[in-house]
Amino acid sequence: TLNAGATTTASCIVLNQGTAVAAASSLKYYLSADNAYGTGDIYLATDAVASLAINATSVLSEVLTIPSATAAGNWYIIFVADADGQVTES
């Protein structure tokens, strides 16, 4: 349980499952009222993802602050890989 204004650490693993080296990109974190990314989700932070070889992974972790105006209820942290569309898909 987290309250508005509190911090938490979110971690994930980014995997290049393509057939070519993936260029450097961005992973963005959002706060969402449901378990799917949508335009109304609240941006929290960005991590840089280094270029990844085929089948390579990158472990990322970020301290996130829940916005102070966040209403009580169930919320989700959404991870969006290649959030700025920097990687060519293969």
Side-chain angles (χ1 to χ4, degrees):
T1 301
L2 292 172
N3 295 319
T7 60
T8 189
T9 301
S11 302
C12 73
I13 299 172
V14 177
L15 165 68
N16 175 10
Q17 61 186 19
T19 59
V21 172
S25 63
S26 297
L27 173 76
K28 292 188 179 182
Y29 302 81
Y30 292 87
L31 188 65
S32 179
D34 58 29
N35 64 356
Y37 173 71
T39 57
D41 293 344
I42 301 163
Y43 169 80
L44 298 174
T46 300
D47 268 334
V49 180
S51 177
L52 292 172
I54 298 168
N55 293 318
T57 60
S58 179
V59 178
L60 299 166
S61 184
E62 184 73 30
V63 175
L64 305 173
T65 300
I66 305 305
S68 59
T70 303
N74 294 320
W75 293 87
Y76 299 83
I77 295 174
I78 305 290
F79 302 85
V80 180
D82 190 27
D84 298 321
Q86 297 160 291
V87 177
T88 302
E89 300 298 326
S90 62

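Being a predicted model, the structure only gives us computed values, none of them experimental.
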### Query
Is Asn16 reaching over with its side chain to a backbone N or O of Leu52, donor-acceptor style, under 3.5 angstrom?
yes

### Task
Measure the shortest side-chain to side-chain distance between Thr46 and Glu62 over non-hydrogen atoms and say whether it is less than 4.5 angstrom.
no

### Query
Going only through I, L, V, M, F, W and Y residues with side-chain contacts under 4.5 Å, is there a path from Ile54 to Val87?
no

### Task
Taking the side chain as every heavy atom from C-beta outward, state whether Ile42 and Pro67 have any pair of such atoms under 4.5 Å apart.
yes

#### Entry: Contact list for residues 32-55, test salt bridge (charged side-chain N to carboxylate O under 4.0 Å, His left out), sequence neighbours left out
none

### Task
Measure the OG-CG distance between Ser61 and Leu27 for me, rounded to the nearest 0.5 Å.
10.5 Å

### Task
Identify, with sequence neighbours excluded, every residue that meets ring-ring contact (aromatic ring centres under 6.0 Å, His included) alongside Tyr30.
Tyr37, Tyr43

### Query
Are any of the side-chain heavy atoms of Leu64 and Thr9 separated by less than 4.5 Å?
no

### Query
Should Val14 and Leu60 count as side-chain neighbours, where that means a heavy-atom distance under 4.5 Å?
yes

#### Entry: Interatomic spacing from SG in Cys12 to CZ in Phe79 - rounded to 0.5 Å
5.0 Å

### Task
Would you kindly confirm whether Val80 and Leu31 end up in one hydrophobic cluster when ILVMFWY residues are joined by side chain heavy atoms under 4.5 Å apart?
no

### Query
More than 12 heavy atoms of other residues, nucleotides or ligands under 6.0 Å from CD of Gln17: is that the case?
no

### Query
Do the side chains of Ile77 and Thr8 get nearer than 4.5 Å, heavy atoms only?
yes

### Task
Grab the two heavy atoms, one from Leu15 and one from Asn55, that are nearest each other, plus how far apart they are.
CD1-O, 3.7 Å

### Query
Are more than 12 heavy atoms from other residues, nucleotides or ligands located less than 6.0 Å from atom CG of Asn74?
no

### Message
So which atom in Ser51 and which in Val21 form the shortest heavy-atom distance, rounded to 0.1 Å?
### Response
OG-CG1, 3.4 Å

#### Entry: Cluster check Ile78, Trp75: I/L/V/M/F/W/Y, side chain < 4.5 angstrom
no

### Summary
dist Lys28:NZ -> Leu44:CG (nearest 0.5 Å) comes out at 12.0 Å

### Query
What distance do Thr19 atom OG1 and Glu89 atom CD have between them, rounded to the nearest 0.5 Å?
10.0 Å

